[in-house]
Structure formats: structure tokens, C-alpha cells
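Let me begin by presenting the structure, written as C-alpha cells, before commenting on it.
Order of appearance sets the numbers: ligands from 1, and atoms from 1 within every ligand. Owing to the predicted nature of the structure, the values given are computational and were not obtained by experimental measurement.
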Amino acid sequence: MAPTTEHDQSARPSTLLITGGAGYIGSHTCVALQAAGYRLVVLDNFCNSQPETLDRVERISGQRLTAVHGDVRDRALLDRVLSEQAIAGVIHFAGLKAVGESSEKPLDYYENNVAGSVTLLQAMQAAGVKTLVFSSSATVYGMPQFLPYTEAHPLAPVNPYGRTKLMVEDMLRDLQQADAAWRIAILRYFNPVGAHPSGLIGEDPQGIPNNLMPFIAQVAGGRRAFLNIWGNDYDTPDGTGVRDYIHVDDLAAGHVAALQHLQRGAGSVTLNLGSGVGHSVLEVAQAFEAACGRPIARQFAPRRAGDLPAFWADSSLAQQVLGWRAASSLTQMCEDTWRFQRGLQTAS
Ligand code: NAD
Ligand code: UDP
């Protein structure tokens with residue numbers, strides 16, 4: 001099959017390459033993309049996911065996808081996939097994402113997140129595939145100089161993970177500058193939580209969860225005795241940390257909207273994807289208690305090193321440009337997380 005041409009990028013229904021599509025955000029986005037009529041090729045090395053998740057995506061959507069077990073750092077594999085599958089665009093989720101681990105193993109993060117992105121972009125350029133949605137993070141902003149963060153907030157990440165995201169963003173801006181044919185959406189996610197309402201896919205971290213929502217879900221399910229609340233002396237309404245939680249299905253819908261925007265030729269964009277509302281740790285624990293009908297045992301503990309006190313998104317640009325906004329309430333996020341957690345426990 002001939003390599004994809006730029007003309008193909010606006011053809012519909014088109015085939016997309018989803019790197020890291022078996023992961024938490026990727027799997028939910030695959031469901032949303034299939035519902036929107038896209039054919040999918042998922043490339044994943046399953047370092048932080050299970051192939052079975054892709055079977056579940058197919059079960060939810062009732063549509064098949066093509067799964068490729070491989071690595072974004074494998075240039076020969078990328079060349080083959082990009083030419084054989086007539087790929088019109090790429091959504092690049094693949095990467096490592098644990099903030100703490102990125103300080104312990106920085107080279108793994110630069111290798112996977114930065115070098116992996118260079119290899120992917122080189123392969124895309126060679127194949128003439130120049131439509132890309134990239135998973136960035138609110139972490140690129142660093143210490144808030146004002147809140148909510150707008151896209152114009154200075155970029156000063158405070159950990160290696162965040163710096164890998166900023167490096168890839170900078171690379172994408174340089175690429176766009178050098179070649180206007182690129183259509184790039186940089187999406188800065190806030191705190192994705194929740195699960196698909198079917199309960200079939202969700203977030204199932206290996207080991208002890210670092211993030212708040214999966215940890216609370218495991219306390220509710222009896223897998224952990226209690227929640228440590230890292231700090232109750234922040235300058236926030238109840239003293240606990242404040243974040244912008246966004247339902248993963250809202251985030252998935254944001255990717256579909258961003259991709260359609262690019263395919264319309266409406267220009268490259270950099271957008272915050274958040275709910276625009278901050279919730280404290282205590283508020284999340286209380287909302288989860290209401291959702292699961294069980295108490296969430298908790299205790300206050302010292303602040304976690306490197307944590308920011310509070311941040312949330314100004315997502316008005318995404319609403320203006322894409323006509324997208326996060327619709328789900330914190331209650332919905334907790335209910336869907338709990339349904340998925342119960343399913344995990346029934347299965348094990
Ligand atoms: P995840 O770990 O669940 O998914 C990432 C997927 O990529 C996994 O399936 C993993 O096996 C795969 N992968 C990793 N390295 C790979 C490689 N070299 N080649 C092929 N596959 C590889 O993480 P997620 O939460 O779904 O995050 C997806 C993306 O969004 C990541 O880039 C992450 O940095 C970014 N992000 C996540 C969050 C969050 O809180 N979850 C917030 C902001 C940004
Ligand atoms: N948090 C907590 N206990 C935990 C995990 C997280 O109190 O076991 C707090 C954390 O200090 C922060 C909020 O919950 O204020 C969200 O943390 P998470 O790690 O989920 O997101 P991030 O800090 O990366 O935005």
C-alpha cells in the first residue's frame with residue numbers, strides 16, 4: 001500500500017495510529033474514536049497495561065481494532081505501520097508518567113518520552129503523516145504564578161517528568177515553525193479520573209497507587225486500610241491540596257474534538273483540558289463515600305515532597321476553539337471509579 005499522502009489527512013472515515021492506546025486514557029479515547037467512526041491501529045508495548053484491555057474496548061464499541069505489540073522507539077516498526085495501514089493521523093499517549101519515579105530514573109523518562117517522540121515524529125515525517133495529537137500535562141506550568149492556569153501561564157515544570165513533556169512540546173512548536181503542513185494539537189491534561197460507565201475499563205495501577213482517586217477506590221474496596229492525606233496545612237479552604245479532576249470520558253471526547261479540528265484544517269492548537277473547578281482531597285474523599293456508601297478511613301500525614309498546594313484549569317479556550325467542555329460531576333467520577341473497582345475485585 002502506498003504511503004499516506006497529506007491529502008488523505010482530511011479523508012473520512014480515516015485510520016488513526018494510537019500509541020499507548022491500551023493505557024488508561026488511551027483505552028477510553030479508543031472507545032470514543034470508534035464511536036466517532038475512526039478505524040484504529042493501537043501500538044503499545046504493554047509496559048503499563050494489558051492486551052486484554054483492547055478486547056474490552058472492542059466489547060464496548062462493538063468494533064474491531066488492529067493491535068500492534070511494539071515500541072514507539074522502534075523506527076522500523078513505525079515505518080511499516082505508517083505505510084501499510086494508511087494512517088491519517090496519530091494520537092501519541094505512549095510514555096511513562098510517574099512523577100516520583102521520574103526523579104529516581106530520569107534517563108528512562110527522557111529515553112521513553114523524549115527520544116520515543118523524536119522517533120515517532122521522524123517516522124511520521126518520512127511517511128507524510130503530519131496530523132498529531134499529543135498528551136501533555138498541566139505539570140508543564142509548575143509553581144502557579146496565577147490561577148486558574150491559562151495556556152499563557154509561564155512554563156516551568158518542577159520534575160523530570162514535566163520537563164520531558166515540555167521538551168516534546170518545544171519540539172512540536174519547532175516542527176510546526178519549520179513546516180506549516182503539520183497539524184498539531186497539544187493537550188494539557190489536568191487530573192484524569194473515573195472510568196467508562198460499563199465498568200469494563202478504568203485505571204488499575206500496579207503496586208501502591210500514587211494518585212488520589214485510585215488510592216481512595218482501593219480503601220473503599222478494602223485493599224488498603226486507610227488514606228494518608230498528604231498535608232492539611234495548605235493555604236486552601238480546608239487545608240488539603242486542591243486539584244482539577246476531569247472524567248476520563250470527558251478527556252476522551254476532548255481528543256475526538258481536537259482531532260476533528262485538525263482534520264478540518266482549522267490550525268494547530270495548545271489547549272488545557274480540565275473541568276475548571278478545583279476540589280480538595282477531603283472533598284474527593286467525601287464524594288467517594290457518598291458514591292460507595294462506605295466510610296473512607298483517613299488520617300492526616302505530612303505534605304508529600306514536591307506537591308503543589310493547589311491548581312486548576314482555565315479551560316475556556318478549549319470550549320471556544322473546540323466547542324468542548326468537561327460535563328461530568330465529581331459524583332459521577334466517583335461512581336464510575338467505584339463501579340470499575342468493584343468489577344476488579346469481583347474478577348480477582
Ligand atoms: P498509562 O500508563 O495508562 O498509558 C500509557 C500507555 O503507553 C501504556 O499502555 C503503556 O504500556 C504504553 N507505553 C509506554 N511506553 C511505551 C513505549 N515506549 N512504546 C509503546 N507503548 C508504550 O498512562 P495514561 O494515564 O493513560 O497516560 C497517557 C498519556 O497521558 C501519557 O503520555 C501521560 O504522560 C499523559 N498524561 C497522563 C496524566 C494522568 O494523570 N494519567 C496526566 C497528564 C498527562
Ligand atoms: N493525595 C493524598 N493522598 C494520596 C494521594 C494523593 O493526599 O494517597 C493528594 C495529593 O497530595 C494532592 C492530591 O491528592 O493534593 C492529588 O494527588 P495526585 O497524586 O492524584 O495528583 P497530582 O498531585 O499529581 O496532581
| said: So if I apply the side chain to side chain contact (heavy atoms under 4.5 Å, CB included) rule between L172 and each of D174, V168, D170, which one comes out positive? | reply: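 Testing each of D174, V168, D170 against L172, the sole residue satisfying side chain to side chain contact (heavy atoms under 4.5 Å, CB included) is V168.
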Looking only at side chains, do [X] and [Y] share a donor and an acceptor under 3.5 Å apart?
{"X": "N272", "Y": "S315", "result": "no"}
{"X": "S135", "Y": "Y189", "result": "yes"}
{"X": "Q85", "Y": "T66", "result": "no"}

Should [X] be listed as contacting ligand 1, given a heavy-atom distance under 4.0 Å as the test?
{"X": "P192", "answer": "yes"}
{"X": "N112", "answer": "yes"}
{"X": "A138", "answer": "no"}
{"X": "S136", "answer": "yes"}
{"X": "T19", "answer": "no"}

| message | Counting only heavy atoms, tell me which of I25, L43, D204 gets closest to atom 26 (O) of ligand 1. | response |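 Checking each option, the heavy atom nearest atom 26 (O) of ligand 1 is found in I25.
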| query | Counting heavy atoms only, which of V42, L273, D44 is nearest atom 11 (O) of ligand 1? | reply |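 Among V42, L273, D44, the closest heavy atom to atom 11 (O) of ligand 1 comes from D44.
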In the protein, which heavy atom is nearest to [atom], and how far is it?
{"atom": "atom 9 (C) of ligand 2", "result": "V281 CG2, 3.6 Å"}
{"atom": "atom 19 (N) of ligand 1", "result": "V72 N, 3.1 Å"}
{"atom": "atom 25 (O) of ligand 2", "result": "R243 NE, 2.7 Å"}
{"atom": "atom 4 (C) of ligand 2", "result": "W230 NE1, 3.1 Å"}
{"atom": "atom 21 (N) of ligand 1", "result": "N45 N, 3.1 Å"}
{"atom": "atom 4 (O) of ligand 1", "result": "G23 CA, 3.4 Å"}
{"atom": "atom 15 (O) of ligand 2", "result": "G241 CA, 3.5 Å"}
{"atom": "atom 30 (O) of ligand 1", "result": "Y189 CE1, 3.3 Å"}
{"atom": "atom 33 (C) of ligand 1", "result": "Y161 OH, 3.5 Å"}
{"atom": "atom 24 (O) of ligand 2", "result": "N211 ND2, 4.2 Å"}
{"atom": "atom 28 (C) of ligand 1", "result": "F93 O, 3.6 Å"}
{"atom": "atom 5 (C) of ligand 1", "result": "G95 O, 4.0 Å"}
{"atom": "atom 3 (N) of ligand 2", "result": "N228 O, 2.7 Å"}
{"atom": "atom 24 (P) of ligand 1", "result": "K97 NZ, 3.8 Å"}
{"atom": "atom 17 (O) of ligand 2", "result": "R304 NH2, 3.4 Å"}
{"atom": "atom 10 (C) of ligand 2", "result": "D307 OD2, 3.4 Å"}

Any idea which part of [X] is under 4.0 Å from ligand 1, heavy-atom wise: side chain, backbone, both or neither?
{"X": "N48", "answer": "both"}
{"X": "Y24", "answer": "both"}
{"X": "R73", "answer": "side chain"}
{"X": "H92", "answer": "neither"}

| field | Atom pair CG/CG of L273 and L322 - distance to nearest 0.5 Å | value |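 Result: 7.5 Å between the selected atoms.
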Would you mind checking if [Y] and [X] are paired as a salt bridge, meaning a charged N to carboxylate O distance below 4.0 Å?
{"X": "E169", "Y": "K165", "answer": "no"}
{"X": "R339", "Y": "E335", "answer": "no"}
{"X": "R59", "Y": "D55", "answer": "no"}

Give the atom numbers and elements of ligand 1 that come within less than 4.0 Å of a heavy atom of [X].
{"X": "C47", "value": "10 (C), 11 (O), 13 (N), 14 (C), 15 (N)"}
{"X": "S135", "value": "29 (C), 30 (O), 32 (O), 35 (C)"}
{"X": "D71", "value": "17 (C), 18 (N), 19 (N), 20 (C)"}
{"X": "F46", "value": "11 (O)"}
{"X": "S49", "value": "8 (C), 9 (O), 11 (O)"}
{"X": "A22", "value": "9 (O)"}

| What is the minimum heavy-atom distance between P209 and R224, and which atoms define it? |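 Scanning both residues completely, I find the closest heavy atoms to be CD-NE, 3.8 Å.
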| query | For A220 and R294, which heavy atoms make the closest approach, and how far apart are they? | reply |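 Taking every non-hydrogen atom into account, O-NH1, 2.9 Å.
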| field | Check: L212 N/O within less than 3.5 Å of ligand 2 N/O | value |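 Right, the criterion is met.
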If only atom types and distance count, is the side chain of [X] paired as donor or acceptor with the main-chain N or O of [Y] below 3.5 Å?
{"X": "R56", "Y": "L200", "answer": "yes"}
{"X": "N112", "Y": "G95", "answer": "no"}
{"X": "D250", "Y": "A327", "answer": "yes"}

Below a 4.0 angstrom heavy-atom separation, can you tell me which part of [X], side chain or backbone, both or neither, approaches ligand 2?
{"X": "N191", "value": "side chain"}
{"X": "L227", "value": "side chain"}
{"X": "Y161", "value": "neither"}
{"X": "F311", "value": "side chain"}

| Y245 near ligand 2, heavy-atom distance under 4.0 Å? |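 It does; at least one heavy atom falls under 4.0 Å.
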| task | Name the orientation class of the two ring planes belonging to F311 and Y149 (parallel below 30°, tilted from 30 to 60°, perpendicular beyond 60°). | result |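 Judged by the thresholds at 30° and 60°, the geometry between F311 and Y149 is tilted.
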| request: Dump the intermediate steps for ring pair (Phe, Tyr, Trp, His ring centres under 6.0 Å) on H255 and F93, then the final yes or no. | output: CA-CA 11 Å; H255 288 73; F93 293 105; 5.1 Å; yes
| Atoms of ligand 2 close to N210 [distance to a heavy atom under 4.0 angstrom, numbered from 1] |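 Within the 4.0 Å cut-off of N210, ligand 2 contributes 5 (C), 19 (O).
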| In terms of hydrophobic clusters joined by side-chain contacts under 4.5 Å, are Y161 and L155 together? |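 Per the 4.5 Å side-chain linkage, Y161 and L155 are not co-clustered.
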